[in-house]
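Quick note on labels: first sequence line is chain A, next is B, and so on, each numbered from 1.
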Number of protein chains: 2
Amino acid sequence: MNTMTVVEKSPIPTEHGRDRILRVAADLFLSRGYAETSLRTIAEAAEMRPASIYHHFESKDALLTEILAIGMDAVTTAFTAAKAGLAENADERDRLQAHVAGHLRALFANQAFTAAHVTVFPFAPADVRAASVPQRDEYEALWTTLLTQLTPGLDSDARRLTRLALFGAMNSAVQWFDPTEGAVDDLAATIVDTLWNGLATRTGATS
Amino acid sequence: MNTMTVVEKSPIPTEHGRDRILRVAADLFLSRGYAETSLRTIAEAAEMRPASIYHHFESKDALLTEILAIGMDAVTTAFTAAKAGLAENADERDRLQAHVAGHLRALFANQAFTAAHVTVFPFAPADVRAASVPQRDEYEALWTTLLTQLTPGLDSDARRLTRLALFGAMNSAVQWFDPTEGAVDDLAATIVDTLWNGLATRTGATS
DNA sequence: TTGCCAGCCTAACGATCGTTCGGTAGTCTT
DNA sequence: AAGACTACCGAACGATCGTTAGGCTGGCAA
């Protein structure tokens, strides 16, 4: 039904050129890795010849750089939206859950672009990594600020550790969680429930 | 001082041949990725010629396969040791912490071999991944059994999610935690403290 | 002393990689 | 109608990849 001749702006139209390259490349980088994915494979998935990619991108590295930038934009936007959507009287737990849900939703909505930061980034060429670092630091700072507000009693070392463990828990989800239905919000609720109240209260056991 | 002509068994002797290849290859795979690391680079780090590697290993894939097997052995052994080292009257929280500490210690003691499972495995060639899956499943089953004993009140979906989030939190540590001193046990204590009691009790806030 | 073999070497193979060059077909501007 | 520009293409470049063939050498076994 999507193969009809009518062409109109829809959420997922038949992509052309640049956008299509970006999407299939992000998918391939995520599933196979950066070095393992050749430009010939990307070109085939985008239904063009390898040389054509160079009309849209300066190099393979530039392509990855843009993919990573798009991914960071997505989570940063999600963070801002989560903050904006909060009720005035939201308590600490609600605020945390809103941001966790935002991060997870961005992670699954933009799948490959955002997830690439988890698995592709560490092995990206040094130049590409360096180009992404400022954006990544900005996003990290947003979370540090949030967690500082939510847990004023925690010392900064423990808070840093909590932030990194939370990121590890959230980001690892891209490797095992299947986001059918609106289940992403359930995942966020479960993660925050455990993180905030602890396993002990969820099992009835005492520490 | 290590360059003296006396050769004796020490914890870190001058490595030769096979063992040396394994160690430098594991280090390089972890820091640069599998596809990004050429056999020529490995050979240079091991102070030999590329062709010599083939005297010890059938192929580059076989080299990675063995590295992953060594890494899984390390965490499996650590898990068993943690279980054996527990006091009779250890409560749920103590048992969890002992195993978390064991996993983290194995993660940092064998650095590259164990950590390769976190970052290298997902992008390894399909054949290599398939060879590691049984060992990985076994280790996963150990944790599932443990968590089932510790949290009998949790339904299996929530427990699975808890296990994966815990793994995400622990394994992401290899990318940011610097294990100076005996600080790994402190990290384990902090992770378990937060996981078990929750952030709420650590900040004085109420849910 | 001889033969063997582990352990390493040099040299090179074909394949694949990112990339470049010089086009061509279609569309839009003037 | 002519030029310019976008989007693509075929063909090839040099570099690097995993791998192999064949040879050298020093120490151990017979």
Side-chain angles (χ1 to χ4, degrees), chain A residues 5 7 13-68 116 120 123-131, chain B residues 5-8 13-68 116 120 123-131:
Chain A
T5 53
V7 176
T14 303
E15 288 172 311
H16 290 307
R18 199 165 200 283
D19 290 341
R20 174 138 196 205
I21 296 170
L22 278 171
R23 200 183 51 81
V24 303
D27 283 345
L28 288 167
F29 289 164
L30 181 65
S31 60
R32 307 188 188 187
Y34 180 66
E36 293 88 343
T37 304
S38 71
L39 281 176
R40 285 166 177 84
T41 304
I42 297 171
E44 191 181 359
E47 291 176 305
M48 33 170 86
R49 307 304 142 200
S52 306
I53 294 177
Y54 284 83
H55 180 71
H56 299 283
F57 300 94
E58 197 184 53
S59 68
K60 192 188 177 191
D61 282 7
L63 178 54
L64 176 57
T65 301
E66 182 151 344
I67 287 171
L68 290 173
V120 177
F123 299 136
D127 294 348
V128 177
R129 284 205 313 276
Chain B
T5 53
V6 179
V7 177
E8 51 179 327
T14 304
E15 286 173 313
H16 291 306
R18 201 165 197 283
D19 291 341
R20 174 137 195 207
I21 295 170
L22 279 170
R23 199 182 50 81
V24 301
D27 284 344
L28 288 167
F29 289 163
L30 180 65
S31 60
R32 307 188 189 187
Y34 181 65
E36 293 87 343
T37 304
S38 71
L39 282 176
R40 286 166 177 83
T41 304
I42 297 170
E44 191 181 1
E47 291 176 305
M48 31 170 89
R49 306 305 142 199
S52 306
I53 294 177
Y54 284 84
H55 182 70
H56 299 284
F57 300 94
E58 197 184 54
S59 67
K60 192 189 178 190
D61 283 6
L63 177 54
L64 176 57
T65 300
E66 182 151 345
I67 287 171
L68 290 172
V120 177
F123 298 137
D127 294 348
V128 177
R129 283 206 313 275

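Backbone-only engagement by A:Thr37 is indicated by non-hydrogen atom pairs under 4.0 Å involving sugar-phosphate atoms exclusively.
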Please list, for nucleotides 23-26 of chain C, all pairs of protein and nucleotide N/O atoms separated by less than 3.5 Å.
none

Determine, stepwise, if the pair B:Val120 / B:Ile67 fulfils side chain to side chain contact (heavy atoms under 4.5 Å, CB included). CA-CA 11 Å; B:Val120 177; B:Ile67 287 171; over 6 Å; no
Run B:Phe123 and B:Arg129 through side chain to side chain contact (heavy atoms under 4.5 Å, CB included) and show every step you take. CA-CA 8 Å; B:Phe123 298 137; B:Arg129 283 206 313 275; over 6 Å; no
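Scanning for salt bridge (charged side-chain N to carboxylate O under 4.0 Å, His left out) contacts around B:Arg18 gives B:Glu66, with sequence neighbours left out. Shown here are the side chain to side chain donor-acceptor pair (under 3.5 Å) partners of B:Asp127, two or more places apart in sequence or in another chain: there are none. For the side chain to side chain donor-acceptor pair (under 3.5 Å) test, no residue two or more places apart in sequence or in another chain qualifies with B:Asp19. Scored by the side-chain contact (heavy atoms from CB on, under 4.5 Å) test, A:Ala131 finds A:Thr65 as partners (sequence neighbours excluded). Shown here are the salt bridge (charged side-chain N to carboxylate O under 4.0 Å, His left out) partners of A:Glu47, two or more places apart in sequence or in another chain: A:Arg20.
A 4.5 Å side-chain heavy-atom check between B:Leu63 and B:Tyr34 finds every atom pair outside the cut-off.
Sequence neighbours left out, not one pair with a member in residues 48-59 of chain A passes side chain to side chain donor-acceptor pair (under 3.5 Å).
Taking all atoms of both residues into account, the shortest heavy-atom contact from B:Asp61 to B:Pro125 is OD1-CG, 3.6 Å. The minimum heavy-atom distance linking B:Pro50 with B:Arg40 is given by the pair CG-CG, 3.6 Å.
Within residues 23-31 of chain B, no residue has any heavy atom closer than 4.0 Å to DNA chain C. For the segment residues 43-59 of chain A, the set of residues with a heavy atom within less than 4.0 Å of an atom of DNA chain C comprises A:Ala51, A:Tyr54, A:Ser59, in numerical order.
Regarding A:Arg40, its CZ atom lies at a distance of 7 Å from the P atom of C:dG18, rounded to whole Å.
The span of DNA chain D lying next to chain B, judged by atoms under 4.0 Å from heavy atoms, is bounded 5' to 3' by D:dC17 to D:dA21.
Under a 3.5 Å cut-off, the side chain of B:Thr37 and the backbone N or O of B:Gly33 do form a donor-acceptor pair.
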Side chains of residues 21-32 of chain B: which donor-acceptor pairs under 3.5 Å do they make with residues two or more places apart or in other chains?
unit_1, atom_1, unit_2, atom_2, d
B:Arg23, NE, B:Glu15, OE1, 2.5
B:Arg23, NE, B:Glu15, OE2, 3.4
B:Arg23, NH2, B:Glu15, OE1, 3.2
B:Ser31, OG, B:Asp27, O, 3.1
B:Ser31, OG, B:Leu28, O, 3.4

